[in-house]
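Residue numbers run from 1 in the order of the sequence given. All values below come from the heavy atoms of this structure, side chains included, with hydrogens, waters and symmetry mates left out. When a ligand or atom number is given, it counts from 1 through the structure's own listing order.
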Amino acid sequence: MSDEDVRKGLAGIVADYTAVSKVNPDSNSLLYRGYPVQELAASKSFEEVALLLWTGELPTDEELAAFESFERANRALDVNVRAAIDLLPLDCHPMDVARTAVSVLGANHPLAEDSSPEAEVEKAKSLFAQFPAVVAYDQRRRRSLSMVEPRADLDYSQNFLWMSFGEEAAPEVVDAFRVSMVLYAEHSFNASTFTARVITSTLSDLHSAVTGAIGALKGPLHGGANEAVMHTFDEIGIRKEESREEAAARAKAWMEDALAAKKKVMGFGHRVYKHGDSRVPTMKGALDKMIAHFDRPEMLGLYDGLEQAMDEAKAIKPNLDYPAGPTYHLMGFDTDMFTPIFIASRITGWTAHIMEQRASNALIRPLSAYNGVPERHLA
Ligand code: COA
């Protein structure tokens with residue numbers, strides 16, 4: 001086996017077909033079941049996008065109404081999940097809480113071992129409905145606040161924010177949150193989705209596959225990047241009293257130092273997109289609205305300063321995590337809740353891929369090239 005046969009990181013390998021989404025780095029586009037994600041983000045609810053990803057088509061009014069009423073009826077934090085979360089330390093990472101919660105939900109689901117297509121859709125819908133309460137409760141317990149019960153008169157995004165903060169969010173905030181949910185929902189064979197497919201390929205169950213995917217998403221080279229972006233902002237220093245220009249100048253100087261020290265700056269670069277991430281303009285639009293809504297021009301200064309300095313030095317473009325991190329920060333979320341929020345969205349894409357993998361399964365098992373010590377024998 002030659003070195004050329006070894007594709008570290010599986011770079012450039014086409015591992016299977018998928019009809020769920022298409023990432024086209026040349027035209028800088030992302031399609032969910034054929035629809036450009038920007039069009040979906042402009043006018044569709046996250047609930048509609050979830051059904052599109054699972055079924056392949058946008059729902060009829062009746063289908064959407066039925067799913068919305070299911071989702072509203074299944075939002076309360078599961079008692080077993082609450083008990084399990086309460087056993088976890090307050091200083092563990094919220095991704096550990098999320099991973100544990102999904103595992104507990106799986107162990108308690110009546111269809112846990114049923115992997116028929118009908119059961120898979122049912123379990124995906126349950127996870128979609130149940131997961132926001134996990135994120136909201138975890139953030140509140142870390143803030144020494146009591147749990148907020150869900151409200152069935154609110155839609156998914158309104159209720160997510162309600163359970164997290166105990167007050168109704170402004171329509172602009174709800175809309176920016178919805179946009180982020182739509183944009184984070186699906187992105188072909190990224191590391192966590194591929195993890196979910198690998199687990200499914202052994203004929204394991206849906207909750208096991210999602211639990212494993214959460215482990216993959218936790219890493220800073222993948223989902224954890226949206227948190228890391230905020231750590232960068234914090235390191236530079238967020239100064240509310242500062243002008244946009246002053247903040248931009250400090251951010252530029254920080255980036256020049258970081259690149260001179262050969263640091264990887266989170267929120268920039270992408271394995272697939274080399275000329276910019278197709279989701280960034282839409283998410284940046286949502287961030288701009290949050291900056292205007294909360295009157296925080298200095299955040300725009302930090303954002304622009306880093307982006308410009310990176311572009312000038314290395315021509316590396318931001319990825320979705322770059323505008324998403326400061327957006328969630330402005331909404332009031334704690335930084336280490338950003339990746340669990342990403343899970344709430346990506347549950348849709350993961351479960352769509354789990355169903356697709358199961359419908360046309362082949363065990364995923366690559367080869368390796370041995371480079372250890374040559375054969376030897378016990379004396
Ligand atoms: N900051 C600084 N330099 C970066 C960079 C970043 N965020 N991303 C890539 N580069 C540089 C690398 O240092 C390398 O430079 P070199 O050729 O001088 O060594 C070059 O660009 C190629 O990078 P590489 O890591 O090989 O690209 P990749 O396709 O394997 O990696 C990522 C893609 C996403 C892992 C990488 O861009 C990264 O680590 N980004 C930060 C994490 C992040 O935001 N992840 C979220 C992805 S949605």
Side-chain angles (χ1 to χ4, degrees), residues 3 6-15 21-26 28-30 32 37 95 179-196 213-236 251-284 286-287 302-303 305-329 335-336 338-343 345-346 349-350:
D3 279 354
V6 178
R7 304 297 282 270
K8 230 175 150 48
L10 301 182
I13 299 287
V14 179
S21 69
K22 180 175 181 188
V23 181
N24 191 337
D26 298 324
N28 209 6
S29 69
L30 169 62
Y32 292 174
V37 71
M95 287 298 276
V179 166
S180 78
M181 289 287 110
V182 171
L183 295 176
Y184 265 132
E186 161 57 13
H187 212 221
S188 80
F189 280 26
N190 55 82
S192 58
T193 301
F194 195 61
T195 302
I214 292 173
L217 190 72
K218 183 181 176 188
L221 293 190
H222 189 12
N226 58 11
E227 296 177 25
V229 169
M230 220 46 236
H231 293 312
T232 299
F233 275 47
D234 286 337
E235 198 181 314
I236 299 167
K252 275 186 131 178
W254 183 94
M255 180 64 95
E256 282 154 15
D257 288 349
L259 294 180
K262 302 230 168 295
K263 274 195 198 159
K264 269 231 167 132
V265 184
M266 298 296 132
F268 289 88
H270 201 274
R271 174 59 68 79
V272 180
Y273 297 114
K274 297 299 173 195
H275 319 290
D277 180 328
S278 59
R279 304 161 295 179
V280 165
T282 309
M283 194 63 226
K284 174 63 174 21
L287 171 62
L302 294 177
Y303 185 99
L306 289 175
E307 184 185 18
Q308 280 165 19
M310 179 63 107
D311 196 38
E312 282 161 20
K314 300 194 78 153
I316 297 175
K317 309 289 179 204
N319 56 53
L320 174 59
D321 292 315
Y322 188 57
T327 302
Y328 292 143
H329 172 82
T335 300
D336 53 8
F338 295 179
T339 319
I341 297 169
F342 184 165
I343 297 177
S345 167
R346 190 55 65 85
W350 286 336

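If you check which protein heavy atom lies closest to atom 9 (C) of ligand 1, you get Ile316 CD1, 3.7 Å. For atom 29 (O) of ligand 1, the closest non-hydrogen atom on the protein side is Lys274 NZ, 2.9 Å. Of all protein heavy atoms, the one lying nearest to atom 35 (C) of ligand 1 is Leu221 CD2, 4.4 Å. Nearest to atom 7 (N) of ligand 1 among the protein's heavy atoms is Val265 O, 2.6 Å. Annotation: atom 16 (P) of ligand 1 to nearest protein heavy atom, Lys314 NZ, 4.8 Å. Summary of contacts: the protein heavy atom closest to atom 47 (C) of ligand 1 is Asn319 ND2, 3.6 Å. The single protein non-hydrogen atom nearest to atom 2 (C) of ligand 1 is Lys263 O, 3.5 Å, given as residue, atom name and distance. Remark: minimum distance from atom 48 (S) of ligand 1 to any protein heavy atom is reached at His270 CD2, 3.6 Å.
Proximity annotation for atom 28 (P) of ligand 1: of Met266, Arg271, Met255, Lys264, Arg271 comes nearest, heavy atoms only. Atom 44 (O) of ligand 1 has its nearest heavy-atom neighbour, among Gly267, Gly223, Ala324, in Gly267.
Closest of all the heavy-atom pairs between Phe268 and Met255 is CE1-CE, 3.8 Å. The nearest pair of heavy atoms linking Val37 to Val182 is CG2-O, 4.2 Å.
Assignment of Lys262 to the shell around ligand 1 is not supported, since no heavy atom sits closer than 4.0 Å.
Between the side chain of His222 and the backbone N or O of Ser192 there is at least one donor-acceptor pair closer than 3.5 Å. Looking only at distances, a side-chain donor or acceptor of Glu186 sits under 3.5 Å from a matching main-chain atom of Ser188. Put simply, the side chain of Asp321 never gets that close to the backbone of Gly267: no donor and acceptor are under 3.5 Å apart. Panel note: side chain Ser21, backbone Tyr32; no donor-acceptor pair is recorded below 3.5 Å. Asn319 contributes no side-chain N or O that, together with a main-chain N or O of His270, makes up a donor-acceptor pair within less than 3.5 Å.
Residue contacts with ligand 1: Phe268 is placed with a nitrogen or oxygen under 3.5 Å of a nitrogen or oxygen of the ligand (distance criterion only).
Looking only at side-chain heavy atoms (C-beta outward), Phe189 and Val23 stay at 4.5 Å or farther from each other. Contact of the Arg346 side chain with the Asn190 side chain is registered, since non-hydrogen atoms from C-beta on lie closer than 4.5 Å.
Contacts between Asp321 and ligand 1, counted as non-hydrogen atom pairs separated by less than 4.0 Å, involve the side chain only.
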